[in-house]
Visitor: 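Below are the structure tokens for one structure; questions will follow.
Here, residue 1 is the first one in the sequence, and each next residue gets the next number.
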Amino acid sequence: MSPQHSKSSDPARSLALLWRTQEPASRRRGGPGLNVDRIVAAATDLADAEGLAALSMRRVAEALGVGTMSLYTYVPGKGELIDLMVDTAYADLDTQERSGAWRDRLRRIAHANRELYIRHPWMLQTVTVRLLGPNVIAKYDHELSAVDGLGLSEIEMDSTVNLVNGYVESSARQTLGAERVARESGMDDEQWWRTHDPLLAALVDDSRYPTASRVGTAVGRAHQAVHDPEHEFSFGLERVLDGVQVLVDARSAPATGSS
């Protein structure tokens with residue numbers, strides 16, 4: 001589905017909601033105990049279970065047992081609700097742990113972000129370039145701190161964090177896509193290949209594709225599947241960090257002037 005993003009006509013109110021600086025008092029038509037946090041929790045549960053396409057103010061209201069119009073007392077619309085959901089989800093990330101070498105810290109950050117996307121796949125369908133909630137900013141500050149003091153410029157620090165996060169998002173999409181294919185087909189990779197391998201063996205001439213045949217066979221034996229998402233993620237992440245290492249080394253190398 002197309003990425004979802006906020007279409008707020010009142011950015012000031014959206015920011016007030018994200019930072020919880022202004023929230024209406026509970027009103028009778030909203031029911032007892034109705035508030036922004038309860039609305040966000042119900043919306044997140046719905047998106048986790050059925051995807052972002054199923055999310056609507058009406059469905060959230062039904063889950064809470066209130067009228068749809070009651071939600072608008074607290075959240076202006078779906079766009080603002082998605083922003084609140086994303087910022088709230090990022091609160092699950094540990095932004096306090098800042099020990100260890102930069103490479104270890106970026107590795108932990110990458111794994112934590114990937115696990116968050118696996119728990120909340122709908123987050124990969126959102127556009128958050130203007131999302132400035134407290135948890136998003138805490139996440140950004142935490143990630144930047146991992147590469148602070150390495151001799152990188154502020155722009156390079158930002159680009160390094162974006163590079164790692166971009167890799168994590170891409171990998172998570174591939175993993176979730178493979179899971180969706182397995183779920184819809186009713187067969188995991190091992191079952192699919194076991195079922196169709198005889199047909200493929202009859203169609204594919206190994207002598208015509210010798211490299212693919214050799215490598216594919218080795219991968220199949222190693223992973224018992226076409227690929228192992230965990231291995232692919234860790235392998236790719238280390239290569240991304242190798243690239244960052246080159247930049248860090250270049251910035252820390254002593255300058256040599258011509259004599």
Visitor: Students often mix this up, so state it plainly: with edges at 30° and 60°, are the rings of F233 and Y167 parallel, tilted or perpendicular?
Guide: parallel
Visitor: In the structure I gave you, are the side-chain heavy atoms of S56 and K78 within less than 4.5 Å of one another anywhere?
Guide: no
Visitor: Atom OG1 in T175, atom CD in E230: separation rounded to 0.5 Å?
Guide: 7.0 Å
Visitor: Do L150 and S252 make a side-chain contact, defined as non-hydrogen atoms from C-beta onward lying under 4.5 Å apart?
Guide: no
Visitor: At what distance, to the nearest 0.5 angstrom, does CG of L52 lie from CD of Q125?
Guide: 5.5 Å
Visitor: For residues E50 and L55, determine if any side-chain heavy atom of one lies less than 4.5 Å from a side-chain heavy atom of the other.
Guide: no
Visitor: Tell me the closest heavy-atom pair linking E143 and N165, and the distance in Å.
Guide: OE1-ND2, 3.0 Å
Visitor: Indicate yes or no: at least one non-hydrogen side-chain atom of L116 is less than 4.5 angstrom from one of M123.
Guide: yes
Visitor: Cationic tip of R119 within the cone over Y117's six-membered ring, i.e. under 6.0 Å and within 45° of the normal?
Guide: no
Visitor: At what distance, to the nearest 0.5 angstrom, does CG of N135 lie from CG of D87?
Guide: 4.5 Å
Visitor: Closest heavy-atom contact between T88 and L84?
Guide: OG1-O, 2.8 Å
Visitor: Look at the side chain of R107 and the backbone N and O of L241, then say whether any donor-acceptor pair between them is shorter than 3.5 Å.
Guide: no
Visitor: Is the shortest distance from a Lys or Arg side-chain nitrogen in R251 or E156 to a carboxylate oxygen in the other one below 4.0 Å?
Guide: yes
Visitor: Closer than 3.5 angstrom, by distance alone: can the side chain of K139 be matched with the main-chain N or O of L93 as a donor-acceptor pair?
Guide: no
Visitor: Is there a side-chain contact between R103 and E238 (heavy atoms, below 4.5 Å)?
Guide: yes
Visitor: Is it true that atom CZ of R180 has more than 12 heavy atoms of other residues, nucleotides or ligands lying nearer than 6.0 Å?
Guide: no
Visitor: Without swapping roles, check the side chain of W102 against the backbone of V248 for a donor-acceptor pair under 3.5 Å.
Guide: no
Visitor: Report the C-alpha separation of R108 and D94 in whole Å, then their side-chain angles, then the decisive distance to 0.1 Å, and conclude whether the salt bridge (Lys or Arg N to Asp or Glu O under 4.0 Å) test is met.
Guide: CA-CA 10 Å; R108 291 198 302 269; D94 181 3; over 6 Å; no
Visitor: For a 4.5 angstrom cut-off between non-hydrogen side-chain atoms, does R214 reach D206?
Guide: no
Visitor: Compute whether any side-chain donor of one residue and acceptor of the other, for Q245 and D249, lie under 3.5 angstrom apart.
Guide: yes
Visitor: Could you tell me which non-hydrogen atom of M57 sits nearest to which non-hydrogen atom of G77, and how far apart they are?
Guide: SD-C, 4.0 Å
Visitor: Would you tell me whether S213 and R208 have side-chain atoms, one donor and one acceptor, within less than 3.5 Å of each other?
Guide: no
Visitor: Which atom names give the shortest non-hydrogen contact between H142 and R98, and what distance separates them?
Guide: CA-NH2, 3.5 Å
Visitor: Between atom CG of L176 and atom CZ of R114, what is the distance when rounded to the nearest 0.5 Å?
Guide: 8.5 Å
Visitor: At what distance, to the nearest 0.5 angstrom, does OG of S171 lie from CD of E232?
Guide: 8.5 Å
Visitor: Considering non-hydrogen atoms only, spot the tightest contact between E80 and S14 and give its length.
Guide: CG-OG, 3.2 Å
Visitor: Can you check whether L17 reaches Y74 side chain to side chain, under 4.5 Å on heavy atoms?
Guide: no
Visitor: Give me the one residue out of V164, T160, V168 that meets side-chain contact (heavy atoms from CB on, under 4.5 Å) with V240.
Guide: V164
Visitor: Set out, in order, the CA-CA distance, both residues' side-chain angles and the distance that settles side-chain contact (heavy atoms from CB on, under 4.5 Å) for S234 and H111, then state yes or no.
Guide: CA-CA 9 Å; S234 296; H111 279 275; 4.0 Å; yes
Visitor: Which heavy-atom pair separates A54 from R59 by the least distance, and what is that distance?
Guide: O-CG, 3.6 Å
Visitor: Report yes if the side chains of L18 and L132 come closer than 4.5 Å at any heavy-atom pair, otherwise no.
Guide: no
Visitor: Please report the interatomic distance CG(D48) to CE(M85), rounded to the nearest 0.5 Å.
Guide: 7.5 Å
